[in-house]
Each structure stands twice: as C-alpha cells, then as structure tokens.
Amino acid sequence: MSLTKASPLTQQLANPRGLAWVVGIFALAFLTWSKFGSIMDEFEVGILIGTSVGLAAFGLAWRSMQTLFTFVLLMTLAGIGSYSGIDIGSGAEKVLATAEKAFFLKFLFSSQSAIMWMNALFVLAMLTYFFALWKDSSFSGKVATGLTWSAVAFGFAGLGVRWYESYLINPDYGHIPISNLYEVFIVFALVTAVLYLYYEQKANTKALGGFVLAVISAAVGFILWYTFGREAHLIQPLVPALKSYWMKIHVPANFVGYGTFALAAMIAVPYLWRSKLEATGKTDSVLLTRLPTLAVMDDVMYKAIAFGFAFFTIATVLGAMWAAEAWGGYWSWDPKETWALIVWLNYAAWLHLRMSKGWRGPVMAWWALGGLLVTTFAFLGVNMFLSGLHSYGTL
Amino acid sequence: MEKKHSLRHHPLLTFFSSMNLAITLLVMLAVASVIGTVLKQNEAYSSYVIKFGPFWFEVFRNLELYDVYSAIWFLSVLAFLLASISACVWRNGAHFVKDMVSFQEDKHPAQLKKMHLSAHWTTQNTPALIVEQANERIQALGFKTKVEHKANSQLIAAKKGSAHRLGYFFTHIAIIVICFGALLDSNLKFKFQEWAGMVESETRSLALTDVNPKANLTSDNFSFRGSVNIPEGKSADVVFLTFKDGYLVQKLPFEVKVIDFRVEHYDTGMPKSFESDIILTAPDLKEPIKATLSVNKPLIYKDYAIYQSSFGDGGSSLKLNAYPLASLNSTSSPLAGEIHRDIPLNTPIGDYKVELDDYKSNNIIPLPAADANGKKVKNLGSSVLFKVRDSAGQAVEYENYLLAIDRDQAWYQVSKFRKSRAQEFDFLMIPLDANMSMKRFMTFLSLVNDRKGLDAVLDASIAQETDAAKREQLTTQKRFMQQLINLFRARGFDGIQGYLEQAIEADKREAVFQQYLEILTVAMQSLYLKTLELEGVADNKDASETERRFFADSVEAMNLLAHYGPPIFFEITSIDQRESSGLQITKSPGKNVVFLGSFMLIVGVFLLFYIRPQRLWLLVHHNEQGETEVIFAGKDGKDDSQLQDVFSTLLQQPQSATTPSEESAYVTH
Ligand code: HEM
C-alpha cells in the first residue's frame, strides 16, 4: 500500500468506471457539438465545455451522479424519441396532441408527465422519510431515498424533454427551460433534492430527509397551483432581455444558492428540535437516538451554507455582468438585485459569526431558518410584490 | 517597529476592526436595502405626497428615503463598513502573512502533546532515519516541510493549505476594490457641482437650445448613465440624465445616427427582438463605426457603452377623417398630422387642439379561452393615442384603433376614452355597416341630431300606422318623444334617469323608466328606418337580426357619445410609421475595477471555504528517561476531522520507522 493518498478525483479516474464516465461525457459533448455546433456561438461552446468538465468532475467526486445522469439521459432520449413522428416547428397544438397520443409520452416522458411524476414522487418521498423516522425503519428509509432519486431523474428528464419540446413547437421559441418562474421552481426542487441526497450519503443518515423534502413538497405545491391555476406550464417564447448566454449560467448558479440555503434552513428544524429535547433533559426521547447529533447537523448546515454562499457570490457577479450588458449598468438597485445583496449580506454575517466568532447552537439554527424567509422573498416575493427590471415571471 | 505595534492596538482601530461592528454594519446595510426596495425609489415627489400624505411625505423626505442608496446615512454605513474592513485587514494582515509563511517550528514537546491530534511513543530507531522517512511521507501528502536539526532534537514542521489565508485577503480586499470602482462611477465631480449649486435640473420639455444652461453637462463628465430617443434617420450627440424632478442634458463627444429600427415579433405577437442599425461618428474617428445594436448586444466605444433599451414613435405621419358628431351633416373632413405634434382645429363649436401622443403598432390582448387555432391572445392591430384639448385646457384622452374589431361576428370601429388618468377607459364601439363603413351609423346619428327633421320623420311614421287607436296614441306622444330624444342625445340614459330622479318618486321610478325606454325606442326605430330608407335598403318592417343588432349597438354607442368629450370622432385612415430607437449610453470607468474586485471575491471565497490550513509536527528527542521519543501532532484550521484521516493514515503505515509499535503507541485525547 502506498503512502501517497491520491486525490479522490485522480483515484476515481484510474478505475475503469471513472474513466468510462469521463470519456462518455466528453464523447457526448462532442456529439452535441458536432450536431448543433453550427447554431452555437462561441459562448455557448464555452458553456458546453464548462458544463462537461463540471459534470465529469462532479461524477468522479460523487459516483451516484454517474448513475443519475445515465438514467436522465436515457429517459430524455426516450422522450425525444417518442416525438419522432413530428418535426421541429410543428406548433403547440400538434406537440400537445402527440403527447396525448403516444403511450410513452402520455404516461411517462412528455415533459408534463415527467414533471408530474417528479411532483408525485417528491411528496411520496417526504411521507416515506417521515414514516421511516417515526417507525425507525431502515427499509422505509431506503425506499424514501429511492423515491427521491426517481423524482430527481424524472424532473431532470422532464426539463430535458421540455427543452426539446420548445423547439418542436417553434424553433423561434426554443430555449433552455430556466426562463420563467414555473421552470425555475422545478430547478429549485431538483437542486435542493440533489444537494440533499449528497449530504444524506456523506452524513450517512436518512433522518433529515422528511424535513428537507417538506420544503421541496412546498415547491411542488406551488408548481401544481401554477400549472392548474395559471397554466404556467405552457411553453412561451423568451422576451428579448432573456435571450442571452448569461441566463444559462446566472440562473443555475443562483439556484444552487437558493437550494443550499433552503436545505440548511430545513436542517435547522430537526436541529432545534433536538437541542430543545436535550436542553429540557428529555433524554429518553426516541428521537435522540434517531436524529443525527447536533454536531453532524451543524456541520451539514455550515457546509451547505458555505457552498451556497460561494455559488450565490458567483451568481450575483454574473448577474452584474449580465446587467452591464443588457441594461447598461452593472448595478441598478433593481429590487431583485437588491434582494440578492440582502441574501448575500445575511449569509456573510452568518458565516462570520460561525467561522470567526465560533458561534454554534440554536441561535445560528434560527438564523439559518430565518434565512429561508429572506431567500424566499428574494426568489418569489420580489416577483409578487415589487416591480423592477427583472421580468422573467410575475404572479 | 514599536510604534507600528502600538498603532495596531489603537482603540479606534480596535473599534473598527471588531467583528461585532462588522456584523452590525452588514445587517444595517441589508435592512436599508430592504427599505429601498419596498419604497419605490426616485418617483415624482407629487406621487409620494398622494401616497403618504403631507406629514409622512416630509418625514420620509427628511430621512432621504426616496433615494435611499445615495442618502448620506446610507453612504455613511457603507463608509463605516469600508473602514471596518480596512481596519480588519490592516490589523490581521501582518499576523496572517506571518502565519502563512511560518512553519511554526518553535513548538515545545509539551505543546505538541497537548494538541487535539497527538501521539507519542518511544523507539529504537535512529532519529535521522525516522525524520528522513517521515519527511518523505508527509511531503507525499502534499505538505511543505521544514526540517530542523538541533543538538538533541530533530523536528519536522509541515504545513498545507496556506492559501486559505490568501482567501481572507482576497475576499476582504475585493470588497474595498468593488467599492472603489463604484465610487469611480458615482461621479464625485458631479456630486460636488450639484452641492455647489452649479447644476440645476430642467423640468420643462424644451428644444435643446432653450434648456437651462445649468442643466447642460459638458462631455468631460467622468461617468454617467443616460438615455435618448432617436427617430429613424436622425442623429443625436446628447443623452438625458434623470435628475431630481427633471433632467440634465449630457453632451457626448460623438454623434449617433439611427439608420433603421426593427422590432420582430413571435407568432403570439410578443416582441422577439429589438434592433437598431446605427452609425457612430466622432471627430477623431477616421472611419465612422457602423453597428447593429440589440438587447444584450451593446456597442462599446472607448469608455462608452451604447445599449438598445427601448423604442417609441419617432414622428409617424398619419391621415385622419374627422366626423362631426353633433352635426346634421354626416360627412367627414380629412386631416393630416404627425405623432408628437398637435393639430389645431377651429370648429363651429369651438377651438380644439389634437395632441397626437403615440402610435402602437400592435395591441395584444389575452383571450378568455383559446380560439379555434389554439391561440390565447389576439392582436387588435395598431392604434393611435391622442388627446383633444379644448380652449380652456381640459383634455380627454383617446386611443383609436385603425382596424375594425369584431365581436360575436359583428364589426366595430373602436375608440377608448377617459376624462382623467384616474379613470378606467370606456370603450366606444361604433357598429359598421355591410360595407365595413361608419356611413350608416353617421347617417343615423345625423338624423337623431336633427331636431326639426325628427318631427317630419315621426309624422311620416305615424301616418303609416294602420291601427287608428295606436296612431292616436303616437300623436299624443310625439312631443314627448322629441323631448326624450333630446335628453338622450345630450346626456344618454343617465340624462333620462336624472330627469326621473327629479320628477318621479323613488318607488315608481324603475317602472316609469322602462316605459320611457320603450317610447324612446319607438322613436329611435322610426329614425333608424328612415336611415335604411335613405340608404336605399328595402323598406322592411321586420328588420333582419343583423339590422336589429345594428340598431341596438348604435343606441348603445350614442348613449356613450354623450360622455365622449368634444363631439368629433377621428377615424385614422392611414399611417406612415417612423420609429425611434431608445438608446442608453453610459460611461462607466469603474466597471472593470468592479469586475476585478468581483473576480477576487469569488477566488477568495473558494480559497476560504475549500482550502483547509493544516499543520503537522514530528519531533524526535531524548526524553527525561533518556529514551528516543517521537511526538507526532497535527492541527487543522477549523476542526480536526479531515486531518484526522491523514493523521491516522500516517500512524498506521506498516513496517516503518515512523510507526509506533503496538505497545508503545499512545494517542492522547
Ligand atoms: C461585505 C463585507 C464582508 C464580506 C462579504 C466578507 C466575507 C467573508 C467571508 C466569505 C469569510 C469566510 C468565512 C470563513 O472563514 O469561512 C470571511 C472571513 C473573515 N472575515 Fe469577512 N467579510 C466582510 C467583512 C468583514 C469585516 C468588516 C471584517 C472585520 C471585522 C471581517 C473579518 C473577517 C475575518 C477575521 C474572517 C476570518 C478569516 C479566517 O478565519 O481565516 N470581514 N469574510
């Protein structure tokens, strides 16, 4: 045995599966480029390369990502394949009619069906996680994890197929599905779930799943209301301001931030619960044996917020660069912009207290929970109550 | 050296560099920002007065809440934060740098044994061998090492992840850099001029040459952000900056000419893209620059950036027909005009001014349900927005559609109108005849207007009545019919109702009103039949469904005409569109500084979060018992959980001089 402990990435690359993964991703990227290169500008090529490198590294660092990606890819291809009967630019009616007719599309892989599967599976997963916690059933816990993974796969495949559908309706409409409130809510649910699954593996506990899935289920509730109440699921063309490669990186970066902040907030709930039990001396409570220790939850909370803060910083800077290009100024004190700053300042304060002053415990957990309110306002409240230059979605 | 040291502990510095202050300031900044988003910024003062009432308006104004982000107190919080960060960097700086380069090789055995990760054991191996082997292994883990050979001890001090500290410098200096860039763009020179009363805003809309000279800014201004509308084929060398309750005129060192402006639409009618072809000329440019601007694709020229930001009408010319609505004559007179210009009108009923405000080339409205093609929107076509102002200055606002609009299979000429901005628009819908023209309606209207002619029409219609009793009844009602029609034409159904309110008791009013309506309808029908007769439509008593509907629609339209304002209807017959492109032009020398700071911030954040400072020490010495003792210890920046792995790995390497034998291994804590 060698003393040299290789970094996990290189170690992974040395095994056949890791190598196959990396080769596969780059082959896929190359295939995409050779098929669509002619309609991509240099920024989009850059984004493609960046995404492939990121995905390859992410897959090496976290094997489960490889499996997920493979499933999503196959499901998306199945969806796209089922549309083989109609051409690009067939119009919304024809796309909808085809989705209603073809078996695979109707029941599984049209974007609407896949997203409905995602919705249902997320809610089911939340219930199963809570059931597992209540009954202390490790089997149920495994089922819950499986449900969450399936929901995530359906969700990503749904977005992938939706992307294709937008071109099927009209090549003019074609755009990545992260452009309005309906689409970003799906992104939010998915990102939060993926991050949760990551920490579930790292912290080796399924006791937190119900809490995190609760916020995802709330998002699902919103998606359902938005679909049935407002028909927001219909694919609309992009307003000119959103036609920019910046959107493709700014929005996902933002949602990594929102997702992790939401995750941290939801972990604060069992944290507070447990610390209350401990403080009141209820040492016989079974929850104490089932929930992870305060130290573990605190660690996940911190790691999530730090990760989110880093991505949120990137997202805000990208937003400023985009604003400089679209509105003529990198900072306009537009409400959305300002609320991003507020969110950012809030977590900067949190991190300073945690890192430099060494604060831990209920106060920090309450603060993380309160952070969810701030984040939700930045994410949703601004669109509902304040008007400004950000025009991607109003209620 | 001594002096510097004391400076670093100056109470003021201690105050500024305190973490509590920093966190307080961060939270204050966040709260102030909330205020700025909840209270809409930089609106006209008058709208704040309406919203808050005079008392709170004054209070909020004194707190500078209408422009929070340039309020003195807000800038002070920012300045405090900057001072705090600077003090913090200054205070921690030297210490952190020292910490980064130092291997901390001055650790005593006792200190090492007290560390969280620590092990010590005795060994038979020679110190040199141990050190050599351990050094190799520790280095292989990516640590930098420093080996010290002393008289009776040998030490390896190792460190990894010093860049974590760099992250601290990067993030915090980045904030200073960003604020500095923003300061460059906040244009201090201009702020000073404002403070010294050298600039004043212009509140009137005037020709450029008449603008208050104090509202003119020269082109050496350091930074600005302004906008200008340039009609196709025209050029501009100024932009307008909004300032207080008016604007300033900023001179540019170049001229921009808009050749063509284009809007493309999706099939839903939503705009798909806005583009302007422009030519930029400047005295120092040999060749003018030609470019096409679109949203998200600005033109950068020197320190200036030129963006597509909006569009509007650049003076489209139009032809109109003016229909007199109170006349006995149904013929119209032609007019011509241009958007943004006024048309003076001298009429027998007074002098008016038609102010042509804007032309909209599309009016997309949502439909309650998808139509046969699955579309959920409908394009009503283009419209012209205008006001008609009387000699007393009273104006009514209109929006007239160029194309006929259909509702339930009948066609109408539509005009929206309102008498004040606080009101919703009313829709006047004039029914169109089979030739898609307003002719029949206008003829009908002229007959209604003709009080003398009415008598004859009523007589003729009574004469045709075969039932003697009915004829008798109609004859007695004739005068009353005339009165009703006059009342209706002057004030609509409201006029009749108003009359009833004075003349009839409340409980009988509704019944009488219905009675009156019937009588009015009979009279109107007579006039309508006369209209059809004049038109040469066969005299058929039982008019077709279409004609009955036309009649009902006409009566409804005439009812609204009583509230329509000056009695003129403008039909827009043709328009020659000329668009104007709204450009935003900025000069922002601080932009790249801000982006540099942002880049440092991102790098710094990742260094801080993902590089962990770790240290290891391995000391071989002779203890009091004269044995060769190995002390191995480690320390991680924040917590030791990650280093723990490394530590255990190193301890568990088999067959190595570094490894403690089973019996002697002694891991503390
Ligand atoms: C907008 C203002 C600021 C931002 C965005 C910011 C950002 C950060 C970040 C992201 C960290 C990393 C947290 C960690 O250690 O994991 C940090 C650490 C730190 N900050 Fe700030 N900071 C700001 C202002 C300040 C101020 C005013 C002070 C001075 C009191 C300060 C002192 C520190 C210190 C001492 C650390 C710890 C460094 C270490 O442990 O290595 N920061 N800051």
Side-chain angles (χ1 to χ4, degrees), chain A residues 1-5 7 91-93 96 170 172-173 231 234 236-246 299 306-307 309-310 313-314 316-317 320-322 324-331 333-336 338-339 341-343 345-346 348-349 352-353 355-357 374 382 385-388, chain B residues 19-20 22-23 26-27 29-30 33-34 36-38 40-41 68-69 136-137 140-141 182 185 225 227 266-268 270-274 294-298 305 307 309 373-374 376 584-586 588 591 594-595 598-599 601-602 605-606 608-610 638-639 641 645-646 649-650 653-654 656:
Chain A
M1 186 165 137
S2 145
L3 236 187
T4 323
K5 198 174 160 197
S7 80
E93 307 77 49
L96 280 176
N170 187 335
D172 263 4
Y173 289 21
E231 301 210 309
L234 298 175
Q236 301 286 346
L238 283 184
V239 298
L242 292 182
K243 291 186 140 188
S244 165
Y245 53 88
W246 290 107
D299 191 53
F307 187 72
F309 186 79
T313 308
I314 295 181
T316 310
V317 170
M321 296 174 88
W322 186 4
E325 197 168 299
W327 303 333
Y330 50 84
W331 197 262
W333 294 105
D334 158 78
K336 196 92 186 172
T338 311
W339 273 91
L341 176 71
I342 294 164
V343 169
L345 289 170
N346 176 53
H352 277 90
L353 285 175
M355 297 308 293
S356 299
K357 300 212 74 164
V374 181
V382 172
F385 302 115
L386 309 172
S387 63
Chain B
M19 182 61 78
N20 290 348
I23 289 165
L26 291 182
V27 173
L29 211 54
S33 304
V34 173
T37 61
V38 174
K40 232 176 164 196
Q41 300 286 294
V68 167
Y69 309 116
E136 221 170 75
R137 286 168 217 282
L141 288 171
D185 285 343
R225 182 169 171 187
S227 54
Y266 290 112
D267 56 1
T268 58
M270 268 172 63
K272 179 177 158 192
S273 73
F274 309 112
S294 63
V295 181
N296 282 314
K297 293 209 176 67
Y307 306 86
S309 74
N373 302 323
K376 302 201 68 192
Q584 188 168 76
I585 302 185
T586 60
S588 163
K591 185 169 90 179
V594 169
F595 287 162
S598 305
F599 180 72
L601 183 65
I602 292 173
V605 164
F606 275 91
L608 263 177
F609 291 154
Y610 296 106
K638 300 294 176 193
D639 64 275
S641 56
D645 284 349
V646 175
T649 319
L650 277 171
Q653 294 311 316
S656 136

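In what follows, every chain begins at residue 1, and chains take the letters A, B, ... in the order their sequences are listed. None of these values were measured; they are calculated from a predicted model.
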Indicate the atoms forming the closest heavy-atom contact of [X] with [Y], along with that distance.
X	Y	value
B:Asn296	A:Ser244	ND2-CB, 3.4 Å
A:His352	B:Ile23	CB-CD1, 4.1 Å
A:Lys243	B:Tyr266	CE-OH, 3.2 Å
B:Pro271	A:Pro240	O-CD, 3.5 Å

[X], part contacting chain A, at a heavy-atom distance under 4.5 Å:
X	answer
B:Phe599	neither
B:Val68	neither
B:Ser309	neither

If you measure from OG on B:Ser598 to CE on A:Met321, what distance do you get to the nearest 0.5 Å?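 Nearest 0.5 Å value for the OG-CE distance: 7.5 Å.
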
Separation of B:Asn20 CG from A:Leu353 CG (nearest 0.5 Å):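 Separation between the atoms: 8.0 Å.
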
Could you check whether any side-chain heavy atom of A:Trp333 comes within less than 4.5 Å of a side-chain heavy atom of B:Thr37, counting everything from C-beta outward?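 A:Trp333 vs B:Thr37: side chains apart.
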
Tell me, do B:Val34 and A:Ile342 make a side-chain contact under 4.5 Å, heavy atoms counted?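 Of all side-chain heavy-atom pairs linking A:Ile342 with B:Val34, at least one is under 4.5 Å.
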
When only pairs under 4.5 Å are counted, which of [options] shares the most heavy-atom pairs with chain B?
options	answer
A:Thr313, A:Leu341, A:Leu238, A:Asn170	A:Leu238
A:Ala306, A:Ala326, A:Ala349	A:Ala306
A:Gly329, A:Ala310, A:Pro237	A:Pro237
A:Asn346, A:Asp172, A:Leu96	A:Asp172

Looking only at side-chain N and O atoms, does A:Tyr330 offer a donor or acceptor that is under 3.5 Å from a partner on B:Asp185?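 Checked: B:Asp185/A:Tyr330 side chains pair up, N/O donor to acceptor below 3.5 Å.
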
Which atoms of [X] are under 4.5 Å from chain B, going by heavy atoms: the side chain, the backbone, both sets, or neither?
X	value
A:Ile314	both
A:Trp246	neither
A:Phe307	both

Count the heavy atoms belonging to other residues, nucleotides or ligands that lie under 6.0 Å from NZ of B:Lys272, then report whether that count exceeds 12.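 More than 12 within 6.0 Å, yes.
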
